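In listed order, ligands and their atoms are each counted from 1. A quick note: this is a predicted structure, and the numbers were derived from the prediction, not measured.
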Amino acid sequence: MNIGLIGIGTVGGGTYQVLKENAAEISNKSGIEIKITHVADKNLKLAKETVENETIVEEDAFSLIENSSIDTIIELIGGTGIALDIVRKALENGKHVVTANKALIAMHGEELFKIANKKNVLLAYEAAVAGGIPIIKALREGLAANKVNWVAGILNGTTNYILTEMKENNLTFDTALKQAQDLGFAEADPTFDIEGVDAAHKITILASIAFGIPINFDAVHVEGISNLSQKDITYAEELGYKIKLLGIAKSQNTDVEIRVHPTLVPKNRLVANVDGAMNAVLVHGNMVGPTLYYGAGAGAEPTASAVVADVIDIARQTKLSQNTLIPSLGFMPDKINEKNILSIENIISEYYLRFTMKNQAGLLAKITNIFADHDISINSMVHKEVQENNQNPDIFLITSKTKEADIDTIISEIELLPENIEKVVKIRTEELNK
Ligand code: HSE
């Protein structure tokens, strides 16, 4: 599968990298070798620095579209100017197109899908909504059995980052925005982020998939966060809410609501705790109930992850791959290989341990010495106050990362101490943040 990549900025560079670094994994799943043979970018110098020698670099994007050796175009320029001409022309020339361009799909999706249909090619846009979260696939395929009642999501990383930094670290709006720009999340024109336009592009697309309606960006009510004051963030918090910029699409009998605005969300909802540049989308289906999707909504590699998934999808769904059925386990049948599955004694984790022991002088030293003898450190430890009615106070700790077999040895030594009363409680911990 020969790809022409147009635009090698943040996401383009990430896409090139993902296809290179995960080449074997990707071909084991798609059943074909996928290669970026050509790259086009106005910044020839940057393009040449980013790609390997065998990739042909050109300044003129249209030469890729005319090139008959290329089957698929990845458009990562963004915006609705030249990108529209490129995608339109590529589809008309019978090429499949993958894009991360939410503005393009929200404003011109109707026209472009018609061309793709007529030419019997695919126009894939998973990366256009919520970056690395596969929300298009979930909504269009995974939830296909449902009548969707509503979709609500944090769809813009920049504004979520600004709101989080203003609340958690007392940053000013401008400083937080500058940081989001430096991190590469913000749009070329950051007013699109701040004024809710970017989120509106995304909820427009989701509303169409959810309710089977034409794409109609102009009908969306849009408010951003520029009028939000620190005071309201604080007062909302006092009332038990967090303020999030939500994109909301609801089905109301025969009507539909589509809107973007700052919204108070009860503090204990999972979505209220989606902070920083992360995105989350809630979809309520009439059969499945509420479902939640969380992940990085911007950035080079997360967005590239969605772009490349679309490329794999095109390979699987078209004659480009020898096997046009999606393999049952994701990998091509001849690429399923045995791997050693670790026994529980060999896993590595941090552990919460709780001891029930007689409170005697030197008890803590005895416990910590056993850890020291095995060269295992303790991350934190609590010794509750001795009460009149409880002479055996609770002692509990979190270990550092340790092999389970070593923790079991420590536990058995501690249980042999004369002060020990009950079996030590052991619970594994998972940070789940990396
Ligand atoms: N500017 C967008 C955001 C990038 O901040 O979420 C991803 O679409």
Side-chain angles (χ1 to χ4, degrees), residues 7 9-15 18 74-80 83 98-107 109 124-136 139 151-166 171 173-207 209 215 217 220 222-226 228 244-248 260-263 271 274-281 293-310:
T10 306
V11 179
T15 300
V18 169
I74 302 180
E75 179 276 306
L76 297 173
I77 299 175
T80 51
V98 175
T99 180
N101 191 334
K102 50 266 161 136
L104 185 75
I105 300 294
M107 313 276 287
Y125 54 95
E126 180 65 71
V129 182
I133 306 175
I135 187 63
I136 304 292
L139 193 55
V151 180
I154 296 171
L155 298 171
N156 181 268
T158 301
T159 44
N160 205 40
Y161 183 84
I162 293 172
L163 291 175
T164 306
E165 289 299 317
M166 281 172 75
L171 288 197
F173 188 99
D174 291 338
T175 314
L177 170 60
K178 172 81 181 47
Q179 285 188 2
Q181 285 176 301
D182 291 347
L183 290 165
F185 304 141
E187 294 303 297
D189 176 357
T191 56
F192 271 39
D193 297 296
I194 292 154
E195 299 305 344
V197 177
D198 177 74
H201 287 145
K202 294 166 180 167
I203 197 70
T204 302
I205 300 170
L206 292 182
I209 305 171
I215 295 179
F217 173 71
V220 182
V222 190
E223 286 171 44
I225 63 165
S226 55
L228 206 59
K244 294 289 180 191
L245 182 73
L246 291 191
I248 299 169
V260 171
H261 50 71
T263 312
V271 74
V274 171
D275 285 334
M278 300 307 274
N279 282 194
V281 190
Y293 310 84
Y294 165 86
E301 287 169 357
T303 312
S305 156
V307 168
V308 174
D310 273 348

Would you mind running through ligand 1 and noting each atom that sits below 4.0 Å from a heavy atom of [X]?
X    : answer
E187 : 1 (N), 2 (C), 4 (C)
A298 : 4 (C), 7 (C)
K202 : 2 (C), 6 (O), 7 (C), 8 (O)

Answer with side chain, backbone, both or neither: which part of D198 has a heavy atom less than 4.0 angstrom from an atom of ligand 1?
-> side chain

Within reach of ligand 1, part of D193 (heavy-atom separation under 4.0 Å) =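 The answer is the side chain.
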
Nearest to [atom], what protein heavy atom do you find, and at what distance?
atom                   : result
atom 8 (O) of ligand 1 : K102 NZ, 2.6 Å
atom 7 (C) of ligand 1 : G297 O, 3.4 Å
atom 5 (O) of ligand 1 : T158 OG1, 2.6 Å
atom 6 (O) of ligand 1 : G157 N, 2.7 Å
atom 4 (C) of ligand 1 : F185 O, 3.2 Å

With only distance considered, is A186 within less than 3.5 Å of ligand 1 through an N or O on each side?
->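 No: no nitrogen or oxygen of A186 is under 3.5 Å from one in ligand 1.
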
What do the steps show when you test D198 against K202 for salt bridge (Lys or Arg N to Asp or Glu O under 4.0 Å), and what is the final call?
-> CA-CA 7 Å; D198 177 74; K202 294 166 180 167; 2.6 Å; yes

State whether the side chain of D310 and the backbone N or O of E126 hold a donor-acceptor pair below 3.5 Å, judged by distance alone.
->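 Yes, D310 side chain to E126 backbone: donor-acceptor pair under 3.5 Å.
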
Decide if atom CD of E223 counts as having more than 12 heavy atoms of other residues, nucleotides or ligands within a radius under 6.0 Å.
-> yes

Measure the shortest side-chain to side-chain distance between [X] and [Y] over non-hydrogen atoms and say whether it is less than 4.5 angstrom.
X    : Y    : result
V260 : L245 : yes
L163 : L228 : yes
E165 : D275 : no

Indicate the atoms forming the closest heavy-atom contact of A100 with V307, along with that distance.
-> CB-CG2, 4.4 Å

What is the distance from atom CG of N101 to atom CG of L76, rounded to the nearest 0.5 Å?
->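 Separation between the atoms: 9.0 Å.
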
